[in-house]
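Reckoned from all heavy atoms, side chains included, excluding hydrogens, waters and symmetry mates. Just so you know, ligand 1 is whichever comes first in the structure, and atom 1 is the first atom listed for that ligand.
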Amino acid sequence: MNTIDPRHRRPQRIAVLAGDGIGRDVTAEAVKVLAAAGERWALPLELVALPWSAEHYLATGETLPPGGIATLRDEYAAVLVGAFGDPRVPDMRHAAEILLGARFGLDLYINFRPCRLYDARLCPLKGKRERDVDFVIFRENTEGAYVGLGGNFKKGMPDEVAVQEEVHTRKGVERIVRAAFDWARAHGRRRLCMADKSNVMRFGHGLWQRVFAAVREEYPEIEASHMFVDALAMQLVRAPERFDVIVTDNLIGDILSDIGAALQGGLGVAASANLHPGRTSLFEPVHGSAPKYAGTGLANPVAAILSVALMLETLGHETAARVVEGAVVQSLRKGRTTPDLGGTLTTSEVGDWLARRVAAAPVS
Ligand code: NAD
Ligand code: IPM
Ligand code: MN
């Protein structure tokens with residue numbers, strides 16, 4: 001068994017899974033920027049492209065090779081993902097096995113989804129400034145509605161029954177709630193809100209309530225609150241400035257993070273990190289494969305590039321991470337963007353522009 005923390009190995013190997021649709025387009029730009037940062041700061045990064053995608057599945061019948069997730073765990077420090085989803089694979093089998101397979105198989109229990117407005121012009125809400133949208137969603141990433149437990153009875157018949165189970169464990173809830181509080185404490189964030197639907201989901205979300213009540217006692221300096229998710233969804237678009245850290249379950253976190261993306265300028269900007277501290281981690285834009293935009297040059301690569309910044313930070317390359325993020329902020333403020341943000345650049349022109357800024361940045 002591998003006992004060496006891959007994060008401490010040199011070189012740090014990074015698996016690049018561009019995936020499907022615009023995932024390929026934006027990942028090409030993310031790799032350009034990552035390579036520029038690697039060169040600028042002489043980072044010990046080794047990028048390895050893996051073909052796992054719908055195309056590969058359709059051509060070979062294989063989603064992942066046998067032991068694929070164990071290889072990521074043992075041989076890679078991080079994984080960079082584009083997106084999965086292809087109309088030719090309607091059941092999303094490859095996405096379930098690769099993306100959810102990695103989240104579950106690597107036990108990446110934190111889906112860290114920062115939501116930050118870099119330029120007030122990009123916010124669809126009236127009168128909001130940059131500082132009004134600056135929160136992080138801690139989405140539980142290994143259980144809830146995503147466990148795939150359930151089944152169909154009398155499938156296709158008029159009286160068909162479908163059962164889809166959720167799973168919430170004390171360990172699973174406690175570790176994500178604790179991760180959110182610890183992050184808030186380490187980053188000087190004062191407010192933490194837990195969102196659930198415990199008024200209806202008495203058992204699963206009742207457990208969230210009880211765990212949250214116990215854990216919050218250990219963080220007296222943090223103003224902890226609870227909101228039912230319907231009310232919180234409303235508050236997010238009414239007064240996003242009320243939120244610093246939101247912690248919630250897998251499905252609610254998925255939905256809230258697209259609302260969060262809208263507040264910061266859309267899915268073209270929203271980045272994420274799938275983490276289990278000390279282990280191989282996975283970085284990806286929040287958006288999907290948007291098949292109709294694939295290869296058009298319209299896909300915004302910024303979400304993927306901000307995911308690279310999260311990767312650099314996690315791998316210990318703080319300066320490079322800040323420079324990549326700073327270059328993105330400059331591109332947004334100068335309007336050097338794809339059309340979704342009002343600009344006229346193509347996907348690769350944005351990538352080139354950002355890679356040049358990173359390559360020309362002062363080293364320290
Ligand atoms: P999507 O995120 O792919 O696209 C929704 C819309 O958002 C697009 O039509 C486009 O208008 C906009 N958009 C998204 N990313 C953009 C970008 N980078 N630049 C500019 N505009 C962007 O969501 P969808 O259409 O619901 O799903 C398409 C496929 O992707 C489905 O198969 C879905 O299951 C999959 N999906 C995958 C992931 C993932 O791999 N992490 C995430 C979400 C959806
Ligand atoms: C996301 C996506 C995924 C999810 C899908 C593609 C499985 O929507 O990363 O937000 O639901 O987690
Ligand atoms: Mn999603």
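At the top of the distance list for atom 5 (C) of ligand 2, counting protein heavy atoms only, stands Leu99 CD2, 4.7 Å. In terms of protein heavy-atom proximity, atom 1 (C) of ligand 2 is closest to Arg113 NH2, 3.4 Å. From the protein, the heavy atom lying nearest to atom 4 (C) of ligand 2 is Tyr146 OH, 3.5 Å. Of all protein heavy atoms, the one closest to atom 10 (O) of ligand 2 is Asp254 OD1, 2.8 Å. At the shortest separation from atom 7 (C) of ligand 2 among protein heavy atoms lies Leu100 CD2, 4.2 Å.
Only one option out of Phe138, Phe283, Phe135 pairs with Phe112 in a ring-ring contact (aromatic ring centres under 6.0 Å, His included); it is Phe138. The only member of Asp254, Asp258, Asp249 that meets salt bridge (charged side-chain N to carboxylate O under 4.0 Å, His left out) when paired with Arg139 is Asp254.
Heavy-atom proximity to Glu284, at under 4.0 Å, picks out these atoms of ligand 1: 41 (N). Listed by number with element, the atoms of ligand 1 under 4.0 Å from a non-hydrogen atom of Ala83 are 40 (O).
Ring pair His276/Tyr109 is perpendicular by interplanar angle, where above 60° counts as perpendicular and below 30° as parallel.
Of the candidates Met92, His287, Glu284, Arg103, Arg103 brings a heavy atom nearest to atom 9 (O) of ligand 2. The heavy atom nearest to atom 43 (C) of ligand 1, considering only Pro339, Gly288, Pro291, Ser289, is found in Gly288.
When all heavy atoms of Leu232 and Cys193 are compared, the pair lying nearest together is CD1-SG, 3.7 Å. Taking all atoms of both residues into account, the shortest heavy-atom contact from Leu17 to Leu50 is CD1-CD1, 3.8 Å.
Taking Tyr146 as the reference, nothing meets the ring-ring contact (aromatic ring centres under 6.0 Å, His included) condition, with sequence neighbours excluded. Every residue two or more places apart in sequence or in another chain that forms a side chain to side chain contact (heavy atoms under 4.5 Å, CB included) with Pro51 is listed here: His56.
Using a 4.0 Å cut-off between heavy atoms, Asn300 contacts ligand 1 through both its backbone and its side chain.
Looking only at N/O/S atoms, Asp254 comes nearest to the Mn ion (ligand 3) through OD1.
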